[in-house]
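What follows is a short report on a single structure.
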Amino acid sequence: MKLLVTGGAGYIGSVVSARLLESGHEVVVLDDCSTGHADAVPSGARLVRATLREAAGDVLSEGFDGILHFAAKSLVGESVEKPGLYWDKNLGESLALLEAMRVHRVPRIVFSSTAATYGEPERTPIVETDPTRPTNPYGASKLAIDTTLAEYARMHGIGGVSLRYFNVAGAYGAYGERHTVETHIIPNVLNVPLGSRESVSIFGTDYPTPDGTCIRDYIHVVDLAAAHLLALDACAPGVHEIFNLGSGSGYSVREVIDVCREVTGQPIPAVEGPRRPGDPAVLVASSARISERLGWKPERDLRSMVTDAWEFARR
Ligand SMILES: NC(=O)c1ccc[n+]([C@@H]2O[C@H](COP(=O)([O-])OP(=O)(O)OC[C@H]3O[C@@H](n4cnc5c(N)ncnc54)[C@H](O)[C@@H]3O)[C@@H](O)[C@H]2O)c1
Ligand SMILES: O=c1ccn([C@@H]2O[C@H](COP(=O)(O)OP(=O)(O)O[C@H]3O[C@H](CO)[C@@H](O)[C@H](O)[C@H]3O)[C@@H](O)[C@H]2O)c(=O)[nH]1
């Protein structure tokens with residue numbers, strides 16, 4: 001297929017682009033490089049450096065078989081401080097993309113949704129039919145895109161899949177996470193043995209969990225990429241589907257730091273601090289729906305995520 005990858009200069013988009021090229025697809029990346037890097041785009045892909053709003057119409061007029069839509073602002077704290085930016089960049093620019101898709105008759109789209117659409121969960125593991133009550137503008141803007149996609153599928157015959165990622169980690173060879181503003185736990189912990197931080201902060205030790213720290217469901221970016229390839233093939237005209245993507249098991253912040261210590265062989269000092277506002281105690285996915293419908297299952301564990309992220313970070 002000829003595919004447009006929005007956000008293909010970013011962490012997840014660059015890994016998925018690399019895997020798509022290896023599977024024989026043609027890839028065009030549309031990215032403004034606001035949080036991504038032009039040199040992260042795999043050499044077999046063409047980069048159009050622009051925002052979705054500026055370029056989606058022109059680019060899609062070339063004719064495409066599908067879109068993988070990763071481009072977004074995704075810092076929860078920033079979204080609380082600047083809600084207008086998140087509604088504009090996430091929902092507004094996605095709407096420009098969907099309109100261009102409709103006009104130029106692109107049949108399918110796989111969208112990066114998020115666990116943040118659920119908000120504070122009522123039960124664990126979270127299934128796709130659970131209530132969606134996002135607690136920040138980032139999650140709310142992503143939920144609005146899911147809803148808009150469903151409407152475009154119903155009214156305009158597009159085939160859409162929203163993949164609700166939980167915590168993505170790991171790397172794929174030369175492709176990995178290198179954000180200027182890094183909020184994610186694993187790269188922040190690895191920055192200690194790399195020498196760019198003295199210690200890692202643990203955000204909250206009084207949660208109702210066995211060791212008092214938050215529990216999250218980590219998924220390897222390569223397993224996530226495999227789900228995108230399956231989702232692309234599963235897009236059916238006029239149908240919008242939602243799938244959670246996680247491993248189904250949770251790890252606490254202390255457990256993540258311990259795995260990083262084992263993998264790097266370094267002591268990695270950790271400083272206990274207050275909670276980060278808006279963090280739910282436990283977020284764990286049920287990925288039963290995507291396993292049953294598309295035959296997807298995660299193959300890589302937390303140690304493999306940390307090992308690959310560590311190898312990438314040391315390059
Ligand atoms: N990393 C995670 O754990 C996680 C979890 C859930 C969902 N997600 C979602 O996955 C997607 C990818 O996340 P990531 O961690 O790779 O982020 P990232 O910031 O590394 O990548 C996003 C890319 O999109 C580009 N971009 C942003 N806005 C754009 C616009 N309007 N026009 C053109 N390009 C634009 C950026 O320059 C960047 O290259 C995002 O949609 C994010 O919300 C990520
Ligand atoms: O330096 C740090 C960084 C994080 N944490 C904690 O580690 C856990 C994981 O945090 P982080 O890696 O920032 O991920 P989340 O906040 O869980 O958010 C990620 O996962 C969500 C889905 O679960 C996505 O929606 C978001 O885009 C993505 O950033 C949380 O309990 C944090 O409080 C720390 O203790 N210290």
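Both ligands and their constituent atoms are indexed starting at 1 by order of listing. Note that the structure is a prediction, hence the values are computed from the model and not measured. We number each residue from 1, following the sequence as shown. The analysis underlying the following values was restricted to heavy atoms, covering all of them including side chains, and did not include hydrogens, waters or symmetry mates.
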Is there at least one pair of N or O atoms, one from [X] and one from ligand 1, spaced under 3.5 Å apart?
X	answer
E93	yes
K73	no
T35	yes
Y165	no
G13	no
S113	no
N167	no

Keeping [X] on the side-chain end and [Y] on the backbone end, is there a donor-acceptor pair under 3.5 Å?
X	Y	result
R108	D65	yes
E22	R19	no
T209	T213	yes
H220	V222	yes
R254	D211	yes
E128	N244	yes
S196	V192	no
T114	T117	no

Numbering the atoms of ligand 1 from 1, which are under 4.0 Å from a heavy atom of [X]?
X	answer
F70	11 (C), 12 (C), 40 (C), 41 (O)
T114	6 (C), 7 (C)
T51	32 (N), 33 (C)
G7	23 (C), 24 (O)
L52	32 (N), 33 (C)
Y11	15 (O), 16 (O), 20 (O)
A71	24 (O), 26 (N), 29 (C), 34 (N), 35 (C)
C33	37 (O)

What is the closest protein heavy atom to [atom], and at what distance does it sit?
atom	answer
atom 17 (O) of ligand 1	H179 NE2, 3.9 Å
atom 16 (O) of ligand 1	I12 N, 2.8 Å
atom 1 (N) of ligand 1	H184 CE1, 3.5 Å
atom 5 (C) of ligand 1	F166 O, 3.4 Å
atom 39 (O) of ligand 1	D31 OD2, 2.6 Å
atom 28 (N) of ligand 1	A72 N, 3.8 Å

Could a heavy atom of E54 be found less than 4.0 Å from some atom of ligand 1?
-> no
For the residue pair G139 and P134, what are the closest heavy atoms and their distance?
-> C-CB, 3.6 Å
Nearest-option assignment for [atom], heavy atoms, candidates [options]:
atom	options	value
atom 21 (O) of ligand 1	S14, G10, G36, G176	G10
atom 33 (C) of ligand 1	V29, L68, D32	D32
atom 4 (C) of ligand 1	V168, I186, L163	V168
atom 16 (O) of ligand 2	R216, K142, R276	R276
atom 20 (O) of ligand 2	T209, V189, N167	N167
atom 41 (O) of ligand 1	R53, K142, E177	K142
atom 35 (O) of ligand 2	Y165, F203, Y251, Y207	F203
atom 33 (O) of ligand 2	D279, V168, V253, V76	D279
atom 21 (C) of ligand 2	T183, T114, T205	T114

Ligand-side contact atoms (ligand 2) for residue partner [X], heavy atom cut-off under 4.0 Å:
X	result
S201	1 (O), 2 (C), 34 (C), 35 (O), 36 (N)
I202	35 (O)
Y138	25 (O), 27 (O)

Examine the proximity of ligand 1 to [X] and report which part, side chain or backbone, both or neither, has a heavy atom under 4.0 Å away.
X	result
S34	both
Y138	side chain
A50	backbone

Could you check D146, D130, D217 and say which one makes a salt bridge (charged side-chain N to carboxylate O under 4.0 Å, His left out) with R164?
->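 Of all the options given, the one that passes is D146.
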Pair F70 and H228, ring centroids less than 6.0 Å apart | yes
Do the rings of Y251 and Y218 sit parallel, tilted or perpendicular, given the 30° and 60° boundaries?
-> tilted
Name the orientation class of the two ring planes belonging to H184 and H179 (parallel below 30°, tilted from 30 to 60°, perpendicular beyond 60°).
-> perpendicular
Taking both backbone and side-chain atoms of I185, is any N or O found less than 3.5 Å from an N or O belonging to ligand 2?
-> yes
Quick one: does Y218 get an N or O within less than 3.5 Å of an N or O on ligand 2?
-> no
Could you verify whether a donor N or O on one side chain and an acceptor N or O on the other, from [X] and [Y], lie under 3.5 Å apart?
X	Y	result
E99	Y152	yes
S112	Y165	yes
T6	H69	yes

Does some side-chain heavy atom of [Y] sit less than 4.5 Å from a side-chain heavy atom of [X]?
X	Y	value
L283	I215	no
R216	C214	yes
P269	V200	no
V5	L30	no

Assess whether side-chain contact (heavy atoms from CB on, under 4.5 Å) is satisfied between R293 and F243, documenting all intermediate values.
-> CA-CA 10 Å; R293 301 256 189 97; F243 296 115; 4.1 Å; yes
Y172, V263: one ILVMFWY side-chain cluster at the under-4.5 Å cut-off?
->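 Different clusters.
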